[in-house]
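Written out below as structure tokens is the structure these notes cover.
When a residue number appears, it is its place in the shown sequence, counting from 1.
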Amino acid sequence: MFSKLKQFKQAKELHSKLSGERAEGSGGWGKVKMTVSGAMEVVSVSVDPELLKPEAKEKLEAAIKEAGTNAVRSALQISEQRASPRWEA
């Protein structure tokens, strides 16, 4: 029982640490940028005005998807590094 409580406490501490981490991804040749926290929450999204035109809708959707995927992959790498027993804050 105490080991489960200890694991829960460690997971909560790790989540708190990761919440402060930031990872950025971009898409559409850098025209869309997305930042996510280590806790996988979207922190910010930036879109080049060129992609806000109605005729660029499909390009914008693809760029957002690409930026989000890249940002999440980066955040996962950070999470894996921070969860490693070798990492100490």
Side-chain angles (χ1 to χ4, degrees):
M1 181 171 159
F2 288 112
S3 65
K4 292 281 186 191
L5 184 59
K6 185 177 178 181
Q7 287 175 345
F8 177 76
K9 185 177 178 181
Q10 288 172 337
K12 192 171 180 179
E13 288 172 1
L14 179 60
H15 180 77
S16 293
K17 289 178 185 177
L18 290 174
S19 293
E21 297 286 337
R22 298 290 181 262
E24 187 175 285
S26 64
W29 298 276
K31 294 184 183 221
V32 174
K33 295 178 182 168
M34 184 177 295
T35 303
V36 298
S37 72
M40 306 301 160
E41 297 171 344
V42 175
V43 176
S44 68
V45 176
S46 172
V47 178
D48 185 301
E50 182 181 316
L51 291 179
L52 297 176
K53 298 174 184 174
E55 62 272 12
K57 180 182 182 290
E58 289 180 13
K59 286 182 185 178
L60 175 59
E61 291 170 344
I64 290 171
K65 180 180 172 186
E66 182 181 8
T69 298
N70 291 336
V72 168
R73 283 182 181 155
S74 263
L76 285 172
Q77 286 178 335
I78 290 170
S79 296
E80 288 171 0
Q81 290 171 354
R82 299 304 186 256
S84 169
R86 297 178 303 231
W87 184 77
E88 295 180 21

Considering non-hydrogen atoms only, spot the tightest contact between [X] and [Y] and give its length.
X: A71; Y: A23; result: O-CB, 3.8 Å
X: A67; Y: G27; result: CB-N, 3.7 Å
X: S37; Y: V43; result: N-CG2, 3.6 Å

Legend entry - pair M40-S79: side-chain heavy atoms closer than 4.5 Å: yes

Legend entry - Path from V36 to I64 over hydrophobic side-chain contacts below 4.5 Å: yes

Inset, instruction - Only counting residues at least two apart or in another chain, list the ones meeting side chain to side chain contact (heavy atoms under 4.5 Å, CB included) with V47. - result: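 V47 satisfies side chain to side chain contact (heavy atoms under 4.5 Å, CB included) with V32, V45, L51, L52, L60 once adjacent residues are dropped.
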
Inset, instruction - Mind checking the CE-OG spacing from M34 to S74? Nearest 0.5 Å is all I need. - result: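 With rounding to 0.5 Å, CE (M34) is 12.5 Å from OG (S74).
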
Inset, instruction - Enter the distance from S26:OG to D48:CG here, rounded to the nearest 0.5 Å. - result: 12.0 Å

Legend entry - Pairs touching residues 61-81 that satisfy salt bridge (Lys or Arg N to Asp or Glu O under 4.0 Å), sequence neighbours left out: K57-E61

Inset, instruction - If a pair satisfies salt bridge (Lys or Arg N to Asp or Glu O under 4.0 Å) and one of its residues is in residues 30-40, list it, with sequence neighbours excluded. - result: K31-E50

